[in-house]
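To keep things clear, I will list the structure first and then write my remarks on it.
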Amino acid sequence: MSRHFQFSRVRLAAAHYSLPAEVLGSGQLETALAPLYERLRLPPGRLELMTGIRERRLWPRELLPGKQSARTAAALLQQTDVDPARIGALVHGSVCRDYLEPSTACGVHAALGLSADCLIYDVSNACLGLLNGMLQVATLIELGQIDVGLVVGTESSRALVETTIRALNEDLSLTRESVKSAIASLTIGSGSAAVLLTRSELSPAAPRLTSMLALAKTEHHQLCHSDRDEAIGSGMAPLMRTDSELLMRAGIAAGQQAFDLWLDRLGWQVADIQKTVCHQVGLTHRKLLLETLGLSPERDFYTVDWLGNTGSTALPITYAIARERGFVLPTDRVALLGIGSGINVLLAGLEPA
């Protein structure tokens with residue numbers, strides 16, 4: 001079973017993104033992993049060959065996610081005619097946050113100077129946090145509770161990448177087989193994204209968010225997980241363990257099930273979808289997902305080769321770039337396909353104004 005949500009009053013008024021200036025190429029990453037590569041006799045170029053990712057980006061070491069989220073959201077608001085005072089909900093949806101408490105959304109709210117009656121909170125759901133935020137804000141708009149809602153998040157991969165490099169170089173027990181569980185951590189990049197949703201009358205020319213479908217396959221929740229969440233402050237050194245092969249196949253199977261249910265609920269055919277934007281994992285994942293769903297690669301926009309997997313911001317960043325470059329047009333029917341560890345699937349449909 002799945003949960004289907006339909007909207008008739010919601011517009012995706014704007015999407016904006018920010019990227020770090022510092023670029024970390026896969027070759028540079030392998031140079032940092034020289035002790036591991038020499039010990040296991042791994043050939044250079046292996047990381048890009050396996051993932052299709054040639055580079056990813058890193059925020060400055062001391063940057064708090066909320067500070068960058070506020071910058072990204074402020075830049076988005078400057079591009080619209082929407083009065084920030086009308087924003088009735090602010091959701092911060094990234095995995096990365098400033099503190100265990102208060103919510104990172106509090107700092108973003110203060111930096112933007114939003115009203116005291118604006119509903120604010122954080123949402124965490126691995127790579128689907130921003131999409132979940134969009135679903136919640138869209139529901140509030142559809143019910144007439146608010147007119148405008150803002151969803152924002154910032155993912156910072158530096159700590160994970162640097163901790164993974166250190167752990168791989170120091171663990172002399174690793175083999176070519178056991179090291180595979182850390183490969184996904186080396187694909188993670190940094191980025192920031194913001195999405196503004198409004199009531200239809202406020203953004204009549206913007207794409208309509210008409211449908212979202214959620215499906216949970218939590219029997220697979222152990223295929224990708226971090227260390228325990230503990231309050232160890234600035235000493236946090238995150239590590240991830242991922243069975244990439246099983247996660248990819250289970251995720252795509254869940255995606256196919258959700259996609260088929262979604263098309264059936266909407267009465268759509270695959271040919272009715274003019275453009276797609278998927279969560280950005282790797283080029284092998286992209287190829288297999290599109291083949292499984294019967295979607296055309298020529299109609300799909302991707303950024304994973306130069307941004308890596310930027311977590312919850314990956315899909316909205318890629319959608320914003322697709323719009324910026326004219327790949328996604330206002331007249332297109334667009335499918336946003338989110339699959340995150342857990343495993344959770346969240347699909348969204350955009351239709352022309």
Side-chain angles (χ1 to χ4, degrees), residues 19-61 65 94-96 126-127 154-192 222-227 236-249 251 278-289 302-315 317-318 339-341:
L19 299 176
E22 181 179 346
V23 177
L24 177 65
S26 290
Q28 294 171 275
L29 216 165
E30 289 182 325
T31 298
L33 287 167
L36 173 76
Y37 268 60
E38 292 170 5
R39 188 166 68 248
L40 299 183
R41 297 181 180 179
L42 298 172
R46 181 182 180 88
L47 184 58
E48 183 176 350
L49 181 66
M50 292 176 62
T51 65
I53 297 171
R54 66 175 185 272
E55 59 189 37
R56 71 285 290 141
R57 281 149 175 76
L58 302 175
W59 294 114
R61 194 175 308 280
S94 53
V95 174
C96 294
C127 292
T154 296
E155 303 289 20
S156 180
S157 61
R158 182 183 290 276
L160 175 61
V161 171
E162 291 181 348
T163 301
T164 301
I165 291 171
R166 183 166 59 251
L168 293 180
N169 283 335
E170 292 176 354
D171 188 351
L172 301 182
S173 70
L174 289 171
T175 65
R176 284 193 172 205
E177 185 62 30
S178 62
V179 77
K180 290 180 180 179
S181 66
I183 296 300
S185 298
L186 301 176
T187 69
I188 304 301
S190 302
S192 181
Q222 290 288 354
L223 293 179
C224 177
H225 63 87
S226 70
D227 290 337
M236 290 189 74
L239 280 172
M240 294 286 295
R241 295 170 181 82
T242 307
D243 189 326
S244 298
E245 181 68 22
L246 286 180
L247 182 65
M248 178 176 71
R249 297 195 178 279
C278 308
H279 175 54
Q280 306 290 296
V281 178
L283 291 187
T284 299
H285 177 274
R286 173 180 181 263
K287 181 176 184 293
L288 185 56
L289 177 65
Y302 68 98
T303 58
V304 68
D305 55 332
W306 60 284
L307 293 182
N309 178 354
T310 59
S312 67
T313 66
L315 197 154
I317 284 175
T318 304
I339 304 174
S341 60

All side chain to side chain donor-acceptor pair (under 3.5 Å) counterparts of [X], not counting sequence neighbours:
| X | answer |
| --- | --- |
| Thr318 | Thr303 |
| Glu155 | Ser312 |
| Ser156 | none |
| Arg158 | Glu22, Glu162 |

[X] side chain to [Y] backbone, donor-acceptor under 3.5 Å:
| X | Y | answer |
| --- | --- | --- |
| Thr163 | Ala159 | yes |
| Thr187 | Ile183 | no |
| Arg56 | Thr310 | no |
| Thr154 | Ser192 | no |

### Message
For the CG atom of Leu24 and the OG atom of Ser26, what is their distance to the nearest 0.5 Å?
### Response
7.5 Å

### Query
Going from CD on Gln280 to CD1 on Ile317, what distance comes out if it is rounded to the nearest 0.5 angstrom?
9.5 Å

Could you pull out all donor-acceptor pairs under 3.5 Å where a side-chain atom in residues 39-52 meets a protein atom, sequence neighbours excluded?
residue : atom : partner : partner atom : Å
Arg39   : NH2  : Leu168  : O            : 3.2
Arg39   : NH2  : Asp171  : O            : 2.9
Thr51   : OG1  : Leu47   : O            : 2.8
Thr51   : OG1  : Ile53   : N            : 3.1

### Query
Going by heavy atoms in the side chains, are Val281 and Arg286 under 4.5 Å from each other?
no

### Query
Heavy atoms, side chains only, cut-off 4.5 Å: are Leu29 and Ile165 in contact?
yes

Run the side chain to side chain contact (heavy atoms under 4.5 Å, CB included) test against [X] and tell me which residues pass, sequence neighbours left out.
| X | answer |
| --- | --- |
| Glu177 | Thr175, Lys180 |
| Ile188 | Ser157, Leu160, Asn309 |
| Leu315 | Leu131, Val277, Leu336 |

### Task
Could you tell me which residues satisfy salt bridge (Lys or Arg N to Asp or Glu O under 4.0 Å) with Glu170, sequence neighbours excluded, listed by chain and number?
none

What heavy-atom pair brings [X] and [Y] nearest, and what distance separates the two atoms?
| X | Y | value |
| --- | --- | --- |
| Cys127 | Gly340 | CB-CA, 4.4 Å |
| Leu283 | Tyr302 | CD2-CE1, 3.7 Å |
| Pro20 | Ser190 | CD-O, 3.5 Å |
| Gly191 | Leu19 | CA-CD2, 4.5 Å |

### Query
For residues 304-313, which residue pairs qualify under salt bridge (Lys or Arg N to Asp or Glu O under 4.0 Å), counting only residues two or more places apart or in two chains?
Arg54-Asp305

